[in-house]
Amino acid sequence: MTPTFYPAKRKLLTLAALVATLALPGLAQAQAPIVIKFSHVVADQTPKGQGALKFKELAEKKLPGKVQVQVFPSSQLFGDAKELEALLLGDVQLIAPSLSKFDRYTKKIQIFDLPFLFDDIDAVDRFQSGPAGQGLLNAMTGRGLRGLAYWHNGMKQLSTSKDKLQRPEDVKGLKFRIQASDVLEAQFRALNANPQKMAFAEVYQALQTGVVDGQENTWSNIYSQKFHEVQKTIAETNHGVIDYMVVTNAKWWDGLPADVRKGLSEAMAEATTHANKLANDINEADKKKIAESGKAKLAKLSKEDTAAWRKTMEPVWKKFEGDIGRDLIDAALKSNK
Ligand code: LMR
């Protein structure tokens, strides 16, 4: 039997169908947020780990239903050797490698690895916030990488499996794990030591089994990776910096809807402020925990000791000045008070 419709009812049904049709694209969007994978190699409780989690919280709050941020800490997806490649392939959308890991993409960024260039993290911050530092965020767009922000970790300390770690002579002939950076390689060669590039996730075991004798890192990385449990001495050298650039795939970023890009930029700016405020406190607290653990011994350096380290590492500057540019080095030096 054919159903009979009254004209008013028919109108209502047509209207309902129209509403459903119009709402469908909206519904589809609500069901399929843009998934943003943020991969990094450190633990959640480190400055970078905290920054990534804050970014997720803020991005999802600012863009409800539009984005979903998935954070993968501790090299869960892949290690630092693969993350830049994965970003360019579109397997992940955000990473925040240490500034030491970009030298295949721009030589300029090697500035951050020059030993004893920055007095402290505040000087690093002034340089990054100034025109020279901000310019470096765009130095790799030609290679498909867009820098969104700098995130702090902190100053590097040196550790070894030996009792004595006070003067440059004490590391002669020792094997050190380094990040993938030619400047850091030159730095350890200047110390007459043997550097070995190695992914972050492999360091603990390499120290434990004696594949390498030592490494350089921040207090927060040493503590969260338990390096102090497999090292005898940590010298408070503050000879360099480990900071990060949050980078995205430029093509992916430029292709985002404008409102999403805006929301993500705001979330990134706020997460940056948050993480950078925490970095110093996390490192100081972790230094204290290491000292209290009674595992590795902390060696304090005198002014003369520090001067000796500085002098031994000095040739590295000359070696890389051409690639980095004198103007950039001068700008960095100016950021020291
Ligand atoms: C390292 O490889 O030692 C660091 O760059 C790890 C990190 O991301 O802090």
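Each residue takes its place number in the sequence, starting with 1. Counting starts at 1 for both ligands and their atoms, following the listed order.
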Query raised in the report: Got the closest protein heavy atom to atom 5 (O) of ligand 1, with its distance?
Result: Q179 OE1, 2.7 Å
Query raised in the report: Any idea how F112 and F118 line up, ring-wise: parallel (<30°), tilted (30 to 60°), or perpendicular (>60°)?
Result: parallel
Query raised in the report: Counting only heavy atoms, which portion of D80 has something under 4.0 Å from ligand 1: side chain, backbone, both, or neither?
Result: side chain
Query raised in the report: Is it true that Q215 lies under 4.0 Å from ligand 1, counting heavy atoms only?
Result: no
**Report entry** Test salt bridge (charged side-chain N to carboxylate O under 4.0 Å, His left out) applied to E57 and K54, step by step
**Finding:** CA-CA 5 Å; E57 177 197 319; K54 190 63 167 180; 3.4 Å; yes
Requested in this report: Carefully, step by step, assess E321 and K318 under the rule salt bridge (charged side-chain N to carboxylate O under 4.0 Å, His left out).
Outcome: CA-CA 5 Å; E321 186 183 315; K318 268 270 151 302; 3.2 Å; yes
Report task. Give the residue, atom name and distance (to 0.1 Å) of the protein heavy atom nearest atom 8 (O) of ligand 1. Result -> K48 NZ, 2.7 Å
Query - Distance-only polar pair, side chains of T46 and N153, donor-acceptor under 3.5 Å - result: no
Report summary line: Within the 4.0 Å heavy-atom cut-off, what N221 brings close to ligand 1 is side chain
Query raised in the report: Taking 4.0 angstrom as the limit, do E314 and R310 come out as a salt bridge?
Result: no
Query - Proximal ligand 1 atoms for S98, defined as those under 4.0 Å from one of its heavy atoms - result: 5 (O)
Query raised in the report: Any idea which protein heavy atom is nearest atom 9 (O) of ligand 1, and the distance to it?
Result: Y244 OH, 2.4 Å
Query raised in the report: Between N283 (side chain) and S220 (backbone), is there a donor-acceptor pair under 3.5 Å?
Result: yes
Query - Distance filter under 4.0 Å to V42 heavy atoms, resulting ligand 1 atoms - result: 7 (C), 8 (O), 9 (O)
Query raised in the report: Does ligand 1 have a heavy atom under 4.0 Å from the side chain of R177, from its backbone, from both, or from neither?
Result: side chain
**Report entry** Residue K101 vicinity, atoms of ligand 1 by number, heavy atom under 4.0 Å
**Finding:** 1 (C), 2 (O), 4 (C), 5 (O), 6 (C)
Requested in this report: Look at ligand 1 and say whether K197 reaches it with a heavy atom at a distance under 4.0 Å.
Outcome: no
Report task. Would you check if the side chain of K108 reaches a backbone N or O of I324 as a donor-acceptor pair within less than 3.5 Å? Result -> yes
**Report entry** Close-contact set for ligand 1 against N217 heavy atoms, below 4.0 Å
**Finding:** 1 (C), 3 (O)
Query - Residues N217 and Q157: side-chain donor-acceptor under 3.5 angstrom - result: no
